[in-house]
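See structure below.
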Amino acid sequence: MSTLDKYTDLIVDEYKNFPQSRYLTLIVLRKAESEMIFRTEGSGEGLSRDTVHAGLESENRDPISRVTISKRKQTAVERRTGRELLRQHNLLFYTGDPKEENICALNRNKPCAQCADCMIYGYAVGGGGAQKSRVITDDAFSILPYQTVTAKRTFNALYDNNTMRDPVTGDASASIQEDEYVKPETLFVDMQTLKDLTANEIHYVIANVLRSRRYGAISSRLGKMRNTLIGAIFSDCEIFSNLELTQSVYDRLGPEGRQFPLDQNKVESLITDAVAALMGEVIGSVQSLTESELTELIGEIQQKFASPDEVKALLDSVTGLYPRA
């Protein structure tokens, strides 16, 4: 029996066009395992950051800057992780005439509107249909201030002769640049809210989060990250925000605990405490998976995705939920 079978009254059993007020919020701790760069576009720009209050308690209301991972920078990576599996099992479909090779792909304005990615993460096509994402995300914030978790590094581009001078012309290279980056072991608190997803769709989305390992710019050389699922909360409404949770954890660290790098085990415990406190302010019905149930759920997903046959069965089951053109 699956862990989610215990919560069948809180999970939809089929896809419907109309909202059904079934929410599952995933609490995720994201840990940088290498240098990371989160910025808008281009190179040479500074890291994305926002100025917010440090904490929720009165003594921690001073404004600080925090590094942010924008919602698109998160879900884009996780969508591509899922789409690789869908493509491997031929579950991305053509739009229009297959001979034109208009297979479903991101950022080509040709969604198939039939695959798991389109129907879970959403799509929009000019003049012809749309699906709102059922994975609701927000910016993820660093727990510690921007100044604490970032540094700068200068880099250059050498010629074939291993110098900064062109071996043909002898001219000196001007390609010396400086990049701002997030330090390894920086921790970010994140929440993803899954709305009206079936049990198999939930497995698919959680697997995408746990299987995704590179985020941000220059991800072929930087950007290694580990995602840890800390909690899962069923509700009939949206609950508190990423920012509130981050601020609450900051409060609980105390002045002596805000030293870089943070201890991950301690932070996970503080997140659990903060979630329990913030849930008391939610106006609605909420029910959390226990620690043992969460461990069981992650184990089920690990076991399922270790078997290509079980993965194919899961993806076929999810794809079969949606109407075909």
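Numbering starts at 1 and runs along the sequence shown.
Under the 6.0 Å distance and 45° angle rule, R211 does not count as a cation-pi partner of F305. Judged by the 6.0 Å and 45° rule, K152 forms no cation-pi pair with Y181. A cation-pi arrangement is absent between R66 and F188 under the rule of less than 6.0 angstrom and at most 45 degrees off the ring axis.
Note: N102 CG to F93 CZ = 15.5 Å, rounded to the nearest 0.5 Å. In this structure, R22 CZ and K16 NZ are separated by 9.5 Å, a value rounded to the nearest 0.5 Å. Between atom OH of residue Y121 and atom SG of residue C115 there is a gap of 11.5 Å, rounded to the nearest 0.5 Å. The structure places CD1 of I298 at 6.0 Å from CG of L210, a figure rounded to the nearest 0.5 Å. With rounding to the nearest 0.5 angstrom, the CG atom of L10 is 10.5 Å from the CG atom of L4. Atom NZ in K312 sits 12.0 Å away from atom CG in L85 (nearest 0.5 Å).
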Give the intermediate values and the outcome of salt bridge (charged side-chain N to carboxylate O under 4.0 Å, His left out) for residues E310 and K304.
CA-CA 6 Å; E310 290 193 40; K304 184 171 293 186; 5.7 Å; no
What do the steps show when you test K224 against E35 for salt bridge (charged side-chain N to carboxylate O under 4.0 Å, His left out), and what is the final call?
CA-CA 8 Å; K224 195 76 168 181; E35 298 170 3; over 6 Å; no
Run R30 and D190 through salt bridge (charged side-chain N to carboxylate O under 4.0 Å, His left out) and show every step you take.
CA-CA 7 Å; R30 301 187 186 272; D190 186 37; 2.8 Å; yes
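Side-chain atoms of E268 and Q264 form a donor-acceptor pair, as typed in the model, at a separation below 3.5 Å. Checked by atom type, the side-chain pair S2/E300 shows a donor-acceptor distance below 3.5 Å. Judged by distance alone, the side chains of D117 and Y204 never bring a donor and an acceptor atom under 3.5 Å apart. In the model, D251 has a side-chain atom that pairs as donor or acceptor with a side-chain atom of N60 under 3.5 Å. T75 and T137 share no donor-acceptor pair across their side chains, judged by distance under 3.5 Å alone. Donor-acceptor pairing under 3.5 Å is lacking for the side chains of D139 and T68. There is a side-chain donor-acceptor pair under 3.5 Å between E78 and Y215.
At most 12 heavy atoms of other shown residues, nucleotides or ligands fall within 6.0 angstrom of atom CZ in R72.
A distance below 6.0 Å separates the ring centres of F234 and Y7.
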